[in-house]
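Protein chains get the first letters and strands the later ones, always in sequence-line order, with residue 1 at the start of each.
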Amino acid sequence: MKKLINTPESFVKESLEGMAAAHPDMIKIHLDPNFVYRADAPVQGKVAIISGGGSGHEPMHVGFVGMGMLDAACPGEVFTSPTPDQMLEAAKVVQGGAGVLYIVKNYSGDVMNFEMAADLARTEGIQVANILIDDDVAVKDSLYTQGRRGVGTTVLAEKICGAAAERGYDLKKVADLCRRVNINGRSMGMALTSCIVPAKGTPTFDLAEDEMEIGIGIHGEPGRERMKLKPADEITEMLALSIIEDPAYTRIVREWDDEKGEWVDVELVDPPFQPGDKVLAFVNSMGGTPVAELYVVYRKLAEICEKKGLQIVRSLVGAYITSLEMQGCSITLLKMDDEMLELWDAPVKTPGLRWGV
Amino acid sequence: MKKLINTPESFVKESLEGMAAAHPDMIKIHLDPNFVYRADAPVQGKVAIISGGGSGHEPMHVGFVGMGMLDAACPGEVFTSPTPDQMLEAAKVVQGGAGVLYIVKNYSGDVMNFEMAADLARTEGIQVANILIDDDVAVKDSLYTQGRRGVGTTVLAEKICGAAAERGYDLKKVADLCRRVNINGRSMGMALTSCIVPAKGTPTFDLAEDEMEIGIGIHGEPGRERMKLKPADEITEMLALSIIEDPAYTRIVREWDDEKGEWVDVELVDPPFQPGDKVLAFVNSMGGTPVAELYVVYRKLAEICEKKGLQIVRSLVGAYITSLEMQGCSITLLKMDDEMLELWDAPVKTPGLRWGV
Amino acid sequence: MVTRDQIVAWLKTVAQVLEENKDYLTQLDAAIGDADHGINMDRGFKKVMSQLPGVEDKDIGSILKTTGMALISSVGGAGGPLYGTLFMRAGMAVDGKYELTDEDLAALLQAAVDGVVQRGRAQLGDKTMVDALTPATEAFKQAIGEGADTIEALRRAVDAAEQGMKDTIPMLAKKGRASYLGERSIGHQDPGATSSYLILKALLDVISQPQ
Amino acid sequence: MVTRDQIVAWLKTVAQVLEENKDYLTQLDAAIGDADHGINMDRGFKKVMSQLPGVEDKDIGSILKTTGMALISSVGGAGGPLYGTLFMRAGMAVDGKYELTDEDLAALLQAAVDGVVQRGRAQLGDKTMVDALTPATEAFKQAIGEGADTIEALRRAVDAAEQGMKDTIPMLAKKGRASYLGERSIGHQDPGATSSYLILKALLDVISQPQ
Ligand SMILES: Nc1ncnc2c1ncn2[C@@H]1O[C@H](COP(=O)(O)OP(=O)(O)O)[C@@H](O)[C@H]1O
Ligand SMILES: Nc1ncnc2c1ncn2[C@@H]1O[C@H](COP(=O)(O)OP(=O)(O)O)[C@@H](O)[C@H]1O
Ligand SMILES: [Mg+2]
Ligand SMILES: [Mg+2]
Ligand SMILES: [Mg+2]
Ligand SMILES: [Mg+2]
């Protein structure tokens, strides 16, 4: 295993310490339980946006803490959901009296831990909404399984909701917006190589020199299909068409009902893309793929979008939601409306994403 | 060879096309000869900053074109210096009447091609200064060899000189500043894995599972020493101490003398670091190393700087000057003065580096 | 009768068994998950071991609830809330007791498995730990209903858990990470069902030992 | 006498030889450089081949200058300016000629090597193409001074280039990428010296063929 780490056990903690040392103007860290939070937290009167998940996807989430994006991020062990005590403690530190939005990727671990955290936070008098991100079209529709994974759209939701909170949206409005971003976003990824979980020390899966994995998850979970390596254009086409031609997707998610005071099942439907839609096109590196290759993918993606009548109004190209050092990429398309567009363009100042300030 | 490309021959061109498609607000591209230039070029009355070099180091240089940084970048084939016709054509397109600064990394190919380009540009009536970047302490001092390679300091020089040009510095002042940034910057890198040049298709060098290469160049050139893999802290210490304890470094570079109208040899000396110095600390990924590992390195680097009395006033952590998909990192320390600090903080809007706007 | 000392011995054995099976469980998780189940469970029970000295003179309910809390705050992933809830509910079911009758044990098992189902909403056949826990609980209850002694009832429970664990192999996963695989989850044994079996087996091993 | 047709045949042979030796030269460059010399030279001479039809009815000087310009604008790296300058200067030395005497050839070689030295400022022993080119030029001049015919003189030049190329093996590189290696450059043959040898060898092969 070749990594710039000291020990698998100390990796997450030391990486957080380095991040805090590098960006004292943006973030602070709390250890045991671990979380990263805005240097100027709590921001009074602002909805606090908190996310979290297993480590190994950096810059997501810890690198997205700062003005205009997250108030706090809770990193778990590598690829392992963080624990409720982290999320609770983070909420207590960053909440500014206007409630907390937990942005949760749809993995059973994340969902359960964030639900426990929300229950605990409410007993402390903090208003909490949990919104799920489940945008990975590689997972086939189903009402009776765990459903789709949360991947690329998470980054976009964190940016857009962060901007909304900064502008003074209340918790219900930010939560509604987050849900809207999620149902308008779709992603799919692929891997050229496996990643190596530090504590394990060997590749999660084996791919032959001439093979790739289509529909890979961000934890090295096997994907939809293993196949022979193909040129970038064909790979891009596979991913893009899976996204663009994905039909309406229906699932039931568990959300907290403030009036009823209990968790309720909510049915959500993703509307499929339509010619004429304005989209944000996001080409993401799985960690080990350099940006020059991402642009080769973007080139073809832009061509396909044009052919399909989708108008790309914004782009994001780089390593934002990674899977350790895995080589590969993912594509996310997010249908944008004017409000989302304006919030996307709003200033953001985090270690991992920055503009306008 | 596992890469997201179509063919080795089309890689550079398609990557440029994708970049242009993704960032129409910042850049445009010119093909045959290839260069990337500012969308709003030429900026009248502003010194034009042009750099270039082999491809495979993205985002450098093509990703640093835009407001506050480069006016144009000339990409060669992978790891091969671009040709004089690219540099000449770029100069003609972006020059705004105030002259052109070529920022050149010290590789014999780059140096010779940029010298030829400068000669050609001058015959077209364009005032040109060539400033070399040669900051890689892995290469041992010598007056009689090619001297040190240009690595991490290049990124910092491009940012700082870009800001200076934006503020209206004249060509001589920008060139002097570039020379000053260079002699105050020092770098060293290491590799955990080899990269694969697309046209070659196999790794440039072989490293055993338990080996690493210290002092690697950004083209997979063998480094100072091959040794057993060590923990991140020890690696960081090796790199940081090589940089911090590097003695004064003297070399002779060839610069154009406008008064004499000829190339002259100039002796330049890098002053060693001193306790009390303010530095910018730059931890860079070679391409395949994810940012979480870079922070582990940064953590130790900050500790060492403190111990050595160097005050880190700014940081940069990420993949900025890469070597295709190579895993590994480099460290650059740049001694900052107030002028450089102010220029560093100035707004920049490029695909690869952005803040303040 | 199961004594408090046996419960404490059980938890220690579990910690040891999970350490021994860390790679095995992780390997199972690599095939259909994310290659961390063994690592997570081992980390969790190390935390339990560090907290056990502080509570091992308390009642069984307290010991099990502390175990649950330790797991919740250290395991993370799906395993954390699920096993955390399992031990919390188990503890709540036998609050204040220093030894457990067969009926207590049945109540403990039922509460534990109910907690897991409530938390994770997995059904029998979804290819999760529930597929080991539910048959085990049923088998235990049936055995004591038929007059079996504790050891015999537990042995049948463990056999049922083992069978349930093996039965996950041909199943199509419907919950957890493995569900993302669809058809490709078929043919692999569920890591959570495997850890559940190991945990129950550890209880049997401890109880079977001469006190 | 070397005719224009022979010069054209030479350039075509060079293109072919460099294509055949693309991997070999690249491999040499991988050891002490950046693994592109063969790729670069092959790309350059492909460009030369694409431009040759437009000038092959011109004088030798024009043909060689066009070759130089094509290399400058397509090879890049160190090879581009160096080989570009080599052919430009060679062409300038025989401007307007349609056939070359031995003296012309000597002047051509001298101008070519002088151009390379001026551009790259490498000295003999720096482990570069100069270590093949300079001894070859010297040998050629000496041979014609001694009365050898063109083929014999060129044979001695090529032998000297080959020896010069091999002599780079124990050298410590002082110029180009290999110089970054310091001591570690020792024991490897310089790729540029190798391509220079191959280019001269191609000239000999063409000249030796019955016209
Ligand atoms: N919703 C659920 N209900 C019951 N068990 C579940 C559920 N989701 C996952 N599991 C169990 O958890 C196990 C995986 O645990 P672990 O690897 O620790 O967590 P993660 O999947 O988050 O990495 C699976 O093998 C399965 O038995
Ligand atoms: N300054 C120089 N003078 C003469 N020859 C040089 C010089 N620098 C490099 N070379 C030659 O160029 C060769 C490398 O060419 P190439 O690989 O095409 O360029 P690069 O080093 O830019 O990748 C070396 O083997 C050496 O012979
Ligand atoms: Mg996990
Ligand atoms: Mg090169
Ligand atoms: Mg797992
Ligand atoms: Mg080379």
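- Taken from OH in Tyr298(B) to SG in Cys329(B), the straight-line distance is 14.0 Å, to the nearest 0.5 Å.
- Chain B forms the most heavy-atom pairs under 4.5 Å with one residue out of Arg314(A), Lys300(A), Glu211(A), and that residue is Glu211(A).
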Fill in: Asn6(B)/Glu14(B) under side chain to side chain contact (heavy atoms under 4.5 Å, CB included): CA gap, chis, key distance, verdict
CA-CA 9 Å; Asn6(B) 290 304; Glu14(B) 291 178 349; 2.7 Å; yes
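- With sequence neighbours left out, His61(B) forms a ring pair (Phe, Tyr, Trp, His ring centres under 6.0 Å) with no residue at all.
- Here NZ of Lys159(B) is found 7.5 Å from CE of Met69(B). Values are rounded to the nearest 0.5 Å.
- Between chain B and the options Lys230(A), Met19(A), Met212(A), Glu303(A), heavy-atom pairs under 4.5 Å are most frequent for Met19(A).
- When the candidates Ser10(A), Ser315(A), Ser15(A) are compared by the number of heavy-atom contacts under 4.5 Å with chain B, Ser15(A) comes out ahead.
- Close placement of the Tyr295(B) and His23(A) rings is indicated, their centers lying within 6.0 Å of each other.
- Contacts between Leu301(B) and chain A at a heavy-atom distance below 4.5 Å are absent for every atom of the residue.
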Do any side-chain atoms of residues 316-324 of chain A form donor-acceptor pairs under 3.5 angstrom with protein atoms, and if so which ones, sequence neighbours left out?
unit_1, atom_1, unit_2, atom_2, d
Thr322(A), OG1, His57(A), O, 3.4
Thr322(A), OG1, Glu58(A), N, 3.4
Thr322(A), OG1, Glu58(A), O, 2.7
Ser323(A), OG, Ile218(A), O, 2.7

Please tabulate, for the side chains in residues 346-357 of chain B, all donor-acceptor contacts under 3.5 angstrom to protein atoms that are two or more places apart in sequence or on a different chain.
unit_1, atom_1, unit_2, atom_2, d
Thr350(B), OG1, Gly63(B), O, 3.1
Thr350(B), OG1, Gly352(B), N, 3.3
Thr350(B), OG1, Leu353(B), N, 2.9
Thr350(B), OG1, Leu353(B), O, 2.8
Arg354(B), NE, Val357(B), O, 3.0
Arg354(B), NH2, Val357(B), O, 3.3
Trp355(B), NE1, Trp344(B), O, 3.3
Trp355(B), NE1, Ala346(B), O, 3.1

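- For chain A, the nearby part of Gln327(B) is the side chain; its heavy atoms alone come within less than 4.5 Å.
- No part of Leu16(A) comes within reach of chain B, as not one of its non-hydrogen atoms sits under 4.5 angstrom from that chain.
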Practice prompt. Assess whether side chain to side chain contact (heavy atoms under 4.5 Å, CB included) is satisfied between Glu293(B) and Phe11(A), documenting all intermediate values.
Written response: CA-CA 8 Å; Glu293(B) 294 178 34; Phe11(A) 172 43; 4.2 Å; yes
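- Interface with chain B: from residues 189-200 of chain A, residues Met190(A), Leu192(A), Thr193(A) qualify, criterion being any non-hydrogen pair under 4.5 Å.
- Exactly one of Asp233(A), Thr236(A), Thr289(A) qualifies for a side-chain contact (heavy atoms from CB on, under 4.5 Å) with Val297(A). That residue is Thr236(A).
- With chain A as the partner, the residue from Pro290(B), Ala22(B), Pro231(B), Gly287(B) showing the most heavy-atom pairs under 4.5 Å is Ala22(B).
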